[in-house]
*Asks:* 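Pasting a structure below so you can have a look.
Note on naming: letters A, B, ... go to the chains in the order of the sequence lines (proteins, then strands), and numbering restarts at 1 for each one. Reckoned from all heavy atoms, side chains included, excluding hydrogens, waters and symmetry mates.
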Amino acid sequence: MSPELKEASFSRCVVVGASHAGVNFAFALRKEGWLGEIVLIDSDLQLPYHRPPLSKSYLQSTEESGYTLLKAEDSYAKEGIELRLGLKVNSIDREGKTIVLQEESSLSYDKLVLATGARPIIPAIVGIQEASNVFPLRTASDVKKIREVLSRTPNPKVVVIGGGYIGLETAASLKKLGASVSVLEREARILSRITTSEMSDFFAQLHAENGVEIFTNKNITAIESTDHIAEVICSDGARFPADLIVVGVGIHVNTELAAGAGLEVSNGIHVDAHGQANDPNIYAIGDCTYHHNIHFDRFVRLECVQNAVDQAKIAAAAIAGKAVAYDAVPWFWSDQYDVKLQIVGLSEGFTELVFRREEGDRSFSVWYFQGEKLLAVDAVNHAKAYVWGTKFIKTRQLLDKAKLQDSKLEFKAAIILA
Amino acid sequence: MAKITFITRDKQSITLEGNAGSAMALAVANGVTGIDGDCGGVCSCATCHVYLSPEGLERAGAASEIETDMLELDDNANEFSRLCCQIEISDAIDGLVLNVAR
Ligand SMILES: Cc1cc2nc3c(=O)[nH]c(=O)nc-3n(C[C@H](O)[C@H](O)[C@H](O)COP(=O)(O)OP(=O)(O)OC[C@H]3O[C@@H](n4cnc5c(N)ncnc54)[C@H](O)[C@@H]3O)c2cc1C
Ligand code: FES
């Protein structure tokens, strides 16, 4: 047994946030052999669940209890993980190694893990606070409220504010449920911050074919509510009546706890390659972190399951005394209608794009290069491109761009490698 | 109702009963080690990799194209591999044995 584990048999590890990062961390820490207490705290009352299905399959399903649990209810007790739900952590006393919970009770820790994630931004639009049927989409309870409105409104009209992945997935899901859906995007194209214009065009077309209306360059100035319906008003005078408004305009990182305790915070909580913050007893993992990625040699803050799970594992290893450095290539997916988008790598800073369209079906991929270095791949209905993209980024192999682009050539590593 | 047996890497055998849903969901609901299901079962993460016997594969069916492609992420995949989030539980696979890959 490592000295860290031996010492740890009398120790307590407290985790704030029981979602993808916190839950995976707690189970990984036990698996690493930690013998001490593990206390996992979240203000959300629901048993921890997967977030990605909230805007996809879960929103579409009519079953009441259909959300996907991260772990079975009894597995927490089996692994000796004390799950404390419905409890907010208010502050950290680093000197006393304690956290203060709501109602002023406190809990001491030997190791503290912040997995506080993020919360949705509610833009400061006139009338948004007064409107009754406006919801973000981040938690199971948000989805529940959205479904309640839909179930009591015949032929509902929905306005989705924001054309990012969550907004577009929500639009696709609500359309499937029979709503008429309009997406209002402030920029000149949807997905503008995250992908190329070709990809934006593809998704705009996909939504148009499925009867979802997308309006770009729409700057919302006010929401006017009457008894039964709201109207979303834009700066160009356009008005959109809505029984339901879903807001998907991005997130605020939950860094207040860390900042209040004097930890280093900017665009997220600063952590090293082991998830450690600038306090040897405090770690941070998941959406709330600002960390270095060796494949792209820069600091990033990510919003994806991959990073939550991978940082959870390396932080657990570090606390158990095994130093494993974070070296993951980020990946992400989005499902809309029958289209599956898979993304690997980080495209920011690309200097050249290579498109590859597969013959016949609706499969294509976009390859982002910085000079000869492959940065990222967006694969639409083409898992092969995603898988090979992952391998090429990890191994830093050089590709023959002309061959890559030529869909008459078979998509094979032996052919597209330079 | 179908009985599905998972054999973990440390040779634990766990037999579970399910009615519907995927074999991955059944495994996660019962805490089978080595089946993580990080993507929630949409064939995007390859953390639900299992091996079947040739007979088992015949009953459960072969992997779809996307599944076969995703399996390539795992260097240990072979022709008896499946991602078990893509195996739907039904009477037809009663008695199936799945060897957890990781
Ligand atoms: C609708 C939707 C769809 C998505 N789709 C995808 C997808 O397809 N693919 C993908 O990779 N990612 C997707 N994501 C992103 C993914 O869900 C996040 O990256 C992931 O949830 C991050 O996990 P986390 O544990 O770091 O943070 P979070 O999931 O944000 O969890 C943080 C937890 O901490 C709790 N908390 C915070 N502060 C406190 C406090 N002071 N006291 C107590 N508890 C506290 C919160 O209640 C919350 O439960 C999606 C997200 C959403 C909302
Ligand atoms: S659970 Fe992600 S691929 Fe099966």
Side-chain angles (χ1 to χ4, degrees), chain A residues 20 23-24 27-28 30-31 49-54 56-58 63 66-79 81 304-310 312-313 329 331-335 340-344 358 361 363 379 381-391 394 411 413, chain B residues 4 6 8-10 12 14-49 62-78 81-86 88-89 100-102:
Chain A
H20 288 271
V23 168
N24 277 289
F27 282 79
R30 197 55 95 200
K31 206 168 158 198
Y49 48 87
H50 284 264
R51 288 196 202 282
L54 294 180
K56 307 178 181 84
S57 55
Y58 179 53
E63 277 168 53
Y67 60 87
T68 323
L69 295 181
L70 281 168
K71 299 282 177 188
E73 183 164 12
D74 59 359
S75 56
Y76 295 90
K78 271 192 209 156
E79 295 294 318
I81 296 164
C304 59
V305 167
Q306 166 277 322
N307 179 57
V309 173
D310 286 336
K313 288 180 183 158
V329 176
W331 53 266
F332 183 82
W333 74 95
S334 177
D335 295 324
K340 183 169 204 74
L341 168 67
Q342 291 174 283
I343 299 174
V344 60
E358 303 310 315
D361 49 11
S363 313
N381 291 334
H382 200 225
K384 226 183 216 88
Y386 167 78
V387 168
W388 283 105
T390 305
K391 295 192 179 190
K394 280 191 180 152
F411 187 85
Chain B
I4 313 272
F6 291 89
T8 62
R9 289 295 286 173
D10 52 10
Q12 259 195 62
I14 306 158
T15 299
L16 301 168
E17 279 182 12
N19 286 314
S22 75
M24 181 280 291
L26 184 67
V28 169
N30 291 278
V32 174
T33 335
I35 303 288
D36 295 342
D38 287 343
C39 74
V42 295
C43 208
S44 294
C45 68
T47 64
C48 62
H49 180 188
S64 67
E65 187 183 342
I66 166 172
E67 192 184 332
T68 311
D69 291 339
M70 286 302 290
L71 275 163
E72 283 196 46
L73 273 182
D74 191 331
D75 292 334
N76 299 314
N78 64 30
S81 292
R82 293 256 353 229
L83 293 174
C84 69
C85 67
Q86 304 300 305
E88 277 299 304
I89 296 177
V100 179
R102 300 189 310 160

*Asks:* Do you know which of B:A46, B:G31, B:C45 has the most heavy-atom pairs under 4.5 Å to chain A?
*Replies:* B:C45
*Asks:* Considering only heavy atoms, which portion of A:V305 lies under 4.5 Å from any heavy atom of chain B: side chain, backbone, both, or neither?
*Replies:* side chain
*Asks:* If you take all heavy atoms of A:A72 and B:A29, which pair is closest and at what distance?
*Replies:* CB-O, 2.6 Å
*Asks:* Check chain B against chain A and list any donor-acceptor pairs under 3.5 Å.
*Replies:*
from, atom 1, to, atom 2, distance (Å)
B:V42, O, A:K340, NZ, 2.8
B:S44, OG, A:K340, NZ, 2.9
B:D69, OD1, A:K384, NZ, 3.1
B:E72, O, A:K391, NZ, 2.6

